[in-house]
Enquirer: 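Can you read through this structure? Questions will come right after.
All residue numbers refer to positions in the sequence shown, counting from 1.
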Amino acid sequence: MELRVLQYFLAVAREQSISAAAQSLHLSQPTLSTQLKAMEAELGKQLLIRGARGSRKVTLTEEGMILRKRAEEILQLVKKAEDEITLSDEAIAGNVFIGAGETEGVRYLIQAQHALQQKYPLVYFHIQSGDRKDILDSLDQGLSDFGLILGEVDTAKYDCLDIPCRNTWGVLMRRDSPLAEKAAVEPEDLWNKPLILSRQECYAGALLPWLKQEWGQINKVATYSLLFNASLMVEEGLGYAVGLDQIINTSGESKLCFRTLRPKIEMGTHVVWKKYQMFSKAAEQYLAFLKKASQG
């Protein structure tokens, strides 16, 4: 399968129309249709559902959606490789890709980024927000150079740099909530309360042992990947969001407040990268600046 044909396929997925995609690619519609049919024949799977007569809309089959995701990853990797290889031996320039969770520890990433760009202004940074699973998946697939995660690190698979930032778990709630009168929230306070949990808590969280309840006993009303979205749910009265401190501003006129858990749950922050990773010069320099930032 050629990269060029993958680009054709992604154009059709984007435009949802073979004729519109052909126009954007400066190809004739019959040429593009022939290339797509040849790709389907090569894979032995139908990738596109052509619209009925009179309709030009094209949708993806389940196999087509899988290919779209993988094609995007492949082309990103190719672009990244081209950028790294075409740099001169002396230049420090290019792109650094980072996956980061929501945590105050992101400040250390930014401090290192700012310091590096003062010296090497042609280094560009791309930070993608996500939870732990998103970040590690991106690292494993080679789409990110570094990841910022919380909690334990699989040191058999990743190298890591500890960031001097501790993250404390607590509950984000409305100021008019009865629990807001408490200095800290205890497990029984949340029993039967409508809880908004991070997606991560649904498969590998620290909350369950603290709550002293079975998973099926918890009143889960929603999940989130980014706490800001959860904060809007809390504002609208959907429930109580369990998350980390120092992410949502609850000062001033905010309708929300944050109460830590008791007993306290804390998590460390780590920058991780794949073992035996071959870094670009830009990423290598960034790691050196990260180490300086983490040491204060």
Side-chain angles (χ1 to χ4, degrees), residues 10 69 71-151 153-154 157-167 198-200 224-229 244 246-249 267-296:
L10 288 177
K69 183 176 188 305
E72 289 170 346
E73 294 169 356
I74 288 167
L75 293 177
Q76 284 181 44
L77 283 173
V78 170
K79 179 64 168 63
K80 188 171 179 236
E82 289 174 345
D83 290 345
E84 293 171 359
I85 291 169
T86 55
L87 292 176
S88 73
D89 290 338
E90 298 179 359
I92 302 295
N95 299 287
V96 178
F97 297 87
I98 305 165
E102 284 187 301
T103 165
E104 183 70 11
V106 171
R107 287 190 183 276
Y108 291 92
L109 300 181
I110 297 169
Q111 289 167 5
Q113 173 184 337
H114 182 66
L116 182 62
Q117 285 182 322
Q118 295 297 303
K119 188 173 182 180
Y120 304 114
L122 295 180
V123 176
Y124 301 97
F125 290 85
H126 310 272
I127 296 182
Q128 180 176 348
S129 298
D131 60 21
R132 182 187 180 97
K133 184 178 185 303
D134 295 329
I135 294 164
L136 295 181
D137 283 349
S138 183
L139 271 182
D140 292 342
Q141 293 163 11
L143 302 177
S144 294
D145 299 300
F146 303 100
L148 184 72
I149 64 171
L150 307 178
V153 177
D154 182 357
K157 190 173 183 180
Y158 306 103
D159 286 323
C160 73
L161 174 67
D162 295 340
I163 297 297
C165 174
R166 301 293 295 177
N167 302 270
S198 72
R199 185 179 66 162
Q200 186 172 312
Y224 67 88
S225 294
L226 299 175
L227 190 57
F228 175 76
N229 292 335
L244 299 176
Q246 303 183 76
I247 297 176
I248 303 299
N249 185 357
M267 301 181 77
T269 310
H270 318 278
V271 176
V272 299
W273 58 95
K274 287 198 296 185
K275 277 188 175 295
Y276 319 115
Q277 174 79 19
M278 294 295 294
F279 286 127
S280 67
K281 292 179 181 178
E284 193 173 70
Q285 287 293 320
Y286 182 58
L287 180 57
F289 277 79
L290 270 175
K291 290 178 178 177
K292 290 180 183 178
S294 69
Q295 293 167 2

Enquirer: Within a strict 4.5 Å, meaning less than it, do heavy atoms of the W273 and L161 side chains meet?
Expert: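 Result yes, sub-4.5 Å side-chain heavy-atom pair found.
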Enquirer: May I have the step-by-step check of ring-ring contact (aromatic ring centres under 6.0 Å, His included) for F279 and F146, ending in yes or no?
Expert: CA-CA 10 Å; F279 286 127; F146 303 100; 4.9 Å; yes
Enquirer: Can you find a pair of side-chain heavy atoms, one from L244 and one from L227, that are under 4.5 Å apart?
Expert: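 Result no, sub-4.5 Å side-chain heavy-atom pair not found.
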Enquirer: Just so I know, are the side chains of R132 and L150 near enough to count as touching, which here means a heavy-atom distance under 4.5 Å?
Expert: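 No, every pair of side-chain atoms sits at 4.5 Å or beyond.
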Enquirer: Going from CD1 on I163 to CZ on R107, what distance comes out if it is rounded to the nearest 0.5 angstrom?
Expert: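 If I round to the nearest 0.5 Å, the distance is 13.5 Å.
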Enquirer: Below 4.5 Å, heavy atoms only, C-beta onward: do L136 and D154 meet side chain to side chain?
Expert: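 Side-chain contact under 4.5 Å: no.
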Enquirer: Distance from E102 atom CD to N229 atom CG, nearest 0.5 Å?
Expert: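 If I round to the nearest 0.5 Å, the distance is 8.0 Å.
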Enquirer: Can you confirm whether H126 is buried at NE2, in the sense that more than 12 heavy atoms of other residues, nucleotides or ligands lie under 6.0 Å from that atom?
Expert: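 For H126, atom NE2 is crowded (more than 12 foreign heavy atoms under 6.0 Å).
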Enquirer: Can you check whether D140 reaches K157 side chain to side chain, under 4.5 Å on heavy atoms?
Expert: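 Result yes, sub-4.5 Å side-chain heavy-atom pair found.
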Enquirer: Please examine the side chains of F289 and K119, heavy atoms only from C-beta on, and report whether any two atoms are closer than 4.5 Å.
Expert: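 Yes. Closest side-chain heavy atoms under 4.5 Å.
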Enquirer: Quick check on Q128: does its CD atom have over 12 non-hydrogen neighbours (other residues, nucleotides or ligands) under 6.0 Å away?
Expert: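 No, not enclosed.
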Enquirer: Is there a donor-acceptor pair closer than 3.5 Å between any side-chain N or O of D131 and the backbone N or O of S225?
Expert: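 Side chain of D131 to backbone of S225: no pair is present.
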Enquirer: Is there a side-chain contact between V123 and Y286 in this structure, where contact means two heavy atoms from C-beta onward sitting under 4.5 Å apart?
Expert: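 Counting from C-beta outward, V123 and Y286 never come under 4.5 Å.
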Enquirer: A side-chain contact here means heavy atoms from C-beta on lying under 4.5 Å apart; do R199 and D134 qualify?
Expert: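 Yes - at least one pair of side-chain heavy atoms lies under 4.5 Å apart.
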Enquirer: How long is the span from the CD1 atom in I98 to the CD1 atom in I135, to the nearest 0.5 Å?
Expert: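 Between I98 CD1 and I135 CD1, I get 11.0 Å after rounding to 0.5 Å.
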